[in-house]
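The model shown is predicted, which means the values in this text are computed figures rather than measured ones.
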Amino acid sequence: SIMGCSLEQNLKPKVQWLKDLGMDDEQVTKAITTFPHIMGYSLEENLKPKVEMLRKYDFTDNQIVRVISSFPPLVGYSSKRLEHRMGVVKAAGFLTDQCSLSFMTLTDAKF
């Protein structure tokens, strides 16, 4: 819950980190309002490692911004779940700027 988060120690650094990734104010607002849990995640233990995992799969900074702003729950996936999905996506050749992210919402059984 973000209700217990310190504005100075938790919330502002995460907003700044999202902006440093390349998000504009509208994208940051959309990500937070769509998935407020993002503000409760640890930068060091969750958010940064997830971005590094996306980079490992050759996501560009623009793609990372698009992924997080359009489907912020992705950063809440376990590393194992995200690793599996990114492997499938990369093997299928879906890593393009035009790629729809709707398949990321599929259940594990359907994925």
Which pair of non-hydrogen atoms, one from S69 and one from P72, has the smallest distance, and what is that distance?
O-CD, 4.0 Å
Distance check, rounded to the nearest 0.5 Å: D58 atom CG versus M86 atom CE?
12.0 Å
Do the rings of Y41 and F35 sit parallel, tilted or perpendicular, given the 30° and 60° boundaries?
tilted
Test item: Q63 side-chain N/O and T60 main-chain N/O as donor-acceptor pair under 3.5 Å:
yes
Less than 4.0 Å between a side-chain N and a carboxylate O, is that true for R55 and E52?
yes
To the nearest 0.5 Å, what is the distance between CG (D61) and CG (D20)?
11.5 Å
Any idea which heavy atoms bring V75 and N46 closest together, and the distance?
O-OD1, 2.8 Å
Rounded to the nearest 0.5 Å, how far apart are CG of L18 and CE of M23?
5.0 Å
Can you see which heavy atom on L43 is nearest to which on P49, and at what distance?
O-CD, 3.8 Å
Side chains of K48 and W17, heavy atoms from C-beta outward: is any pair under 4.5 Å?
yes
Carefully, step by step, assess I68 and V51 under the rule side-chain contact (heavy atoms from CB on, under 4.5 Å).
CA-CA 9 Å; I68 295 174; V51 166; 3.9 Å; yes
Give, for atom OH of Y57 and atom CZ of R85, the distance between the pair rounded to the nearest 0.5 Å.
13.0 Å
Start with the C-alpha distance between I32 and V28, add both sets of side-chain angles, then the distance that settles side-chain contact (heavy atoms from CB on, under 4.5 Å), and finish with yes or no.
CA-CA 6 Å; I32 293 169; V28 170; 3.6 Å; yes
For K14 and M39, the nearest pair of non-hydrogen atoms, with its separation, is NZ-O, 2.8 Å
I need the K19 NZ to Q27 CD distance, nearest 0.5 Å.
11.5 Å
Let's go through K80 and H84 carefully: what are the C-alpha distance in whole Å and the side-chain angles of both, what is the deciding distance for side-chain contact (heavy atoms from CB on, under 4.5 Å) to 0.1 Å, and is it a yes or a no?
CA-CA 6 Å; K80 181 180 177 181; H84 168 72; 5.9 Å; no
If you measure from NZ on K50 to CD1 on I38, what distance do you get to the nearest 0.5 Å?
10.0 Å
What I'd like to find out is whether the side chain of L54 reaches to under 4.5 Å of the side chain of L74, using heavy atoms alone.
yes
Evaluation steps, side-chain contact (heavy atoms from CB on, under 4.5 Å), between F59 and M53:
CA-CA 9 Å; F59 272 63; M53 186 180 297; over 6 Å; no
